[in-house]
S.K.: 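A single structure is presented below for examination.
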Amino acid sequence: MEKRIIIITAPSGAGKTTIVKKLLASMPVLAFSISAATRAARDGEVDGRDYYFLSAEAFHQKIAEHAFAEYEMVYAGKYYGTLKSELERIWQQSQIPMVDIDVKGALSIKELYQENALTIFIEPPSLETLRDRLSERGTETQTSLEERLGKARYELSFSHEFDHVVVNDQLERAYEEVKNLITDFLKIR
Ligand code: 5GP
């Protein structure tokens, strides 16, 4: 089977997680690609389900072993990466990895897998909406909220490099649009 891959990127708070969860529930061919990360687990997060939580030392060991398809320091001192072994695990199950990563990681994976990769950027309707959503979520301190907004502003400037941009003005509509894009992509070849 061809090694295809779906990459979804969005600034933190753009509603990506909800869309990704709905897609995984409705498209059994997709499997969530669990990233490795050095940040601390949030309440309710499970190692090996949400992320493979690694120490900085273990993460650097994996970099040295060339174990990553891509990795980035997404936030100050916090590393996130897609393990090649994770993608292989999913392909071996005859599924297609759904990778939920940042802009730079997404473009690196696109570079690697080219036409076998579909990149979708989920855009919030505005930065104000993003600020509201992040405040409501209540997971951020003032500093980390500002950091996430700054990163969002930067990430938005790369949206044109993606195969598709979907504006999350209304969740159900955005979800349907993303689902149609994936269905079309999987139909080809
Ligand atoms: P969070 O800390 O909120 O779980 O994730 C923060 C950011 O890290 C998100 O924008 C997410 O897309 C990104 N991210 C998660 N996993 C990876 C990965 O494996 N590689 C890269 N480059 N970014 C990732």
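Just follow the structure's listing: the first ligand is 1, and inside any ligand the first atom is 1.
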S.K.: Could you identify which residues cluster with Val74, counting Ile, Leu, Val, Met, Phe, Trp and Tyr as linked when any side-chain heavy atoms lie under 4.5 Å apart, either directly or through a chain of such contacts?
M.R.: Tyr51, Phe53, Tyr75, Tyr80

S.K.: Distance alone, cut at 3.5 Å: any donor-acceptor contact between the side chains of Glu70 and Thr82?
M.R.: yes

S.K.: Anything with a heavy atom under 4.0 Å from ligand 1 counts, so go ahead and list those protein residues by chain and number.
M.R.: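 Lining ligand 1: Lys16, Ser35, Arg39, Arg42, Tyr51, Glu70, Glu72, Val74, Tyr75, Tyr80, Gly81, Thr82, Asp100, Ile101, Asp102, Gly105, Arg148.
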
S.K.: Classify the side-chain pair Ser26/Tyr175 by whether it contains a donor and acceptor separated by less than 3.5 Å.
M.R.: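 Yes, Tyr175 and Ser26 have a side-chain donor paired with an acceptor closer than 3.5 Å.
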
S.K.: Check this for me: does any side-chain nitrogen of one of Glu155 and Lys151 sit under 4.0 Å from a carboxylate oxygen of the other?
M.R.: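 Here Glu155 pairs with Lys151 in a salt bridge, since their nearest N and O are under 4.0 Å apart.
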
S.K.: Would Arg39 and Glu45 pass as an ion pair if we require N to O under 4.0 Å?
M.R.: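 Here Arg39 pairs with Glu45 in a salt bridge, since their nearest N and O are under 4.0 Å apart.
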
S.K.: I want to know whether His160 and Phe121 have ring centres closer than 6.0 Å.
M.R.: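 Between Phe121 and His160, which both carry aromatic rings, the centre distance is not below 6.0 Å.
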
